[in-house]
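Fair warning: this is a prediction, and the values are worked out from it, not measured in the lab. Whatever order the structure lists them in is the order used to number ligands and atoms, beginning at 1.
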Amino acid sequence: MFISFEGIDGSGKSTQARRLAETLRQSGRQVVLTREPGGSPGAEEIRRLLVEGGNERWSPETELLLFTAARRDHVERVIEPAMARGDWVITDRFADSSRVYQGAARASLRDLVEALHDLTIRLEPDLTFVIDLDPAISLGRGRARGGIEDRFEGMGLTFQQRLRDGFLALASEAPERIRVIDGSGSEDEVAARVLAALP
Ligand SMILES: Nc1ncnc2c1ncn2[C@@H]1O[C@H](COP(=O)(O)OP(=O)(O)OP(=O)(O)O)[C@@H](O)[C@H]1O
Ligand SMILES: Cc1cn([C@H]2C[C@H](O)[C@@H](COP(=O)(O)O)O2)c(=O)[nH]c1=O
């Protein structure tokens, strides 16, 4: 089973991905918990290029190519081998992040995002949880981690609202794969909603 967690910056994806992995491990399953951009040594190097780039270093097209190259390596080196072993794979972000951040909210690269995905990735999660949260709340969960996430968070409330709309639009296009989880309330409350939405 291949599961992705998606959503705007600070919505609680990493927390919920980790909690689901812990719950599944407690029930005896082998689980690989991973993330994007990154998840494999090569993809983590590409993540550093994106982080160190700052806002001005890469054009939107180059940035999309870097995210896609990182994903290709992650799929080849981590996700597919884990699935071949029969492990569960839980990833904190996958292709829907490119669809929304690069394809919908930031630049008009939607067709290129899909073309690159079809040519080089050709894999979708069995199940995707979009952790949905009002950006006023996620931005309020103030963190200053100094990384790529801050770059997008720094683009403000309007941008984060566009991202949220993008994830909700994707969910309505693929209801068989994507479950929207209310990300408000305590960690425990959100974790219970995720578990209740597992098939
Ligand atoms: N339900 C919750 N209520 C309050 N705080 C939360 C909740 N879930 C997570 N947090 C806190 O909010 C912050 C962001 O959570 P987390 O890192 O899980 O989000 P994220 O969506 O993975 O963020 P990013 O995409 O920016 O990496 C963390 O400090 C985390 O401890
Ligand atoms: C996979 C992927 C990610 N992004 C953006 C989304 C976030 O702002 C950062 C990653 O930060 P996180 O704290 O690790 O979630 O990168 C993107 O724009 N496109 C992508 O494909």
Asp9 and Arg93 ion-paired at < 4.0 Å: yes

Which atoms of ligand 2 have any heavy atom of Ser98 under 4.0 Å away? 20 (C), 21 (O)

Shortest reach to atom 4 (C) of ligand 1 by a heavy atom, considering only Glu189, Arg141, Glu187, Lys13: Arg141

Quick test of your reading of the structure: of Gly10, Gly7, Ser138, whose heavy atom lies closest to atom 24 (P) of ligand 1? Gly10

Proximity flag Arg93 to ligand 1, non-hydrogen atoms under 4.0 Å: yes

Centroid separation Phe2 to Phe94 less than 6.0 Å: yes

Look only at interatomic distance and state if Arg47 has a nitrogen or oxygen under 3.5 Å from any nitrogen or oxygen of ligand 2. yes

Work out whether the distance between some heavy atom of Glu63 and some atom of ligand 2 is less than 4.0 Å. no

Relative to the heavy atoms of Asp9, which atoms of ligand 1 are at a distance of less than 4.0 Å? 25 (O), 26 (O)

Pick one of side chain, backbone, both or neither for how Gln102 approaches ligand 2, counting any non-hydrogen atom pair under 4.0 Å. side chain

Compare every heavy atom of Gln102 with every heavy atom of Glu63, then report the nearest pair and how far apart it is. OE1-NE2, 3.4 Å

Could Glu76 and Arg72 be called an ion pair, given the rule that one side-chain N must be under 4.0 Å from one carboxylate O? yes

Ligand 1 to Gly185 polar contact by distance, N or O atoms, under 3.5 Å: yes

I would like to know whether Glu114 and Arg110 meet salt bridge (Lys or Arg N to Asp or Glu O under 4.0 Å); could you show each step before the answer? CA-CA 6 Å; Glu114 288 306 332; Arg110 199 178 178 130; 5.8 Å; no

Numbering as shown, the atoms of ligand 1 that approach Gly12 to under 4.0 Å (heavy-atom distance): 15 (O), 16 (P), 18 (O), 19 (O), 20 (P), 21 (O)

So for ligand 2, is Lys13 a polar contact partner (N or O within less than 3.5 Å, distance only)? no

Are Leu127 and Leu33 connected, step by step, through hydrophobic side chains (Ile, Leu, Val, Met, Phe, Trp, Tyr) whose heavy atoms are closer than 4.5 Å? yes

Assess whether a salt bridge exists between Arg99 and Asp96, defined as any Lys/Arg side-chain N lying under 4.0 Å from an Asp/Glu carboxylate O. yes

In ligand 1, the atoms that come under 4.0 Å of a heavy atom of Ser14 are 17 (O), 18 (O), 20 (P), 22 (O)

Check ring-ring contact (aromatic ring centres under 6.0 Å, His included) between Phe129 and all other residues, then give those that pass, not counting sequence neighbours. Phe5

For Asp9, the ligand 2 atoms whose distance to one of its heavy atoms is below 4.0 Å: 7 (C), 8 (O)

Does a sphere of radius 6.0 Å around CZ in Arg77 hold more than 12 heavy atoms from other residues, nucleotides or ligands, not counting ones at 6.0 Å or beyond? no

Per-atom contacts, ligand 2 versus Pro37 - under 4.0 Å to a heavy atom: 1 (C), 3 (C), 10 (C)

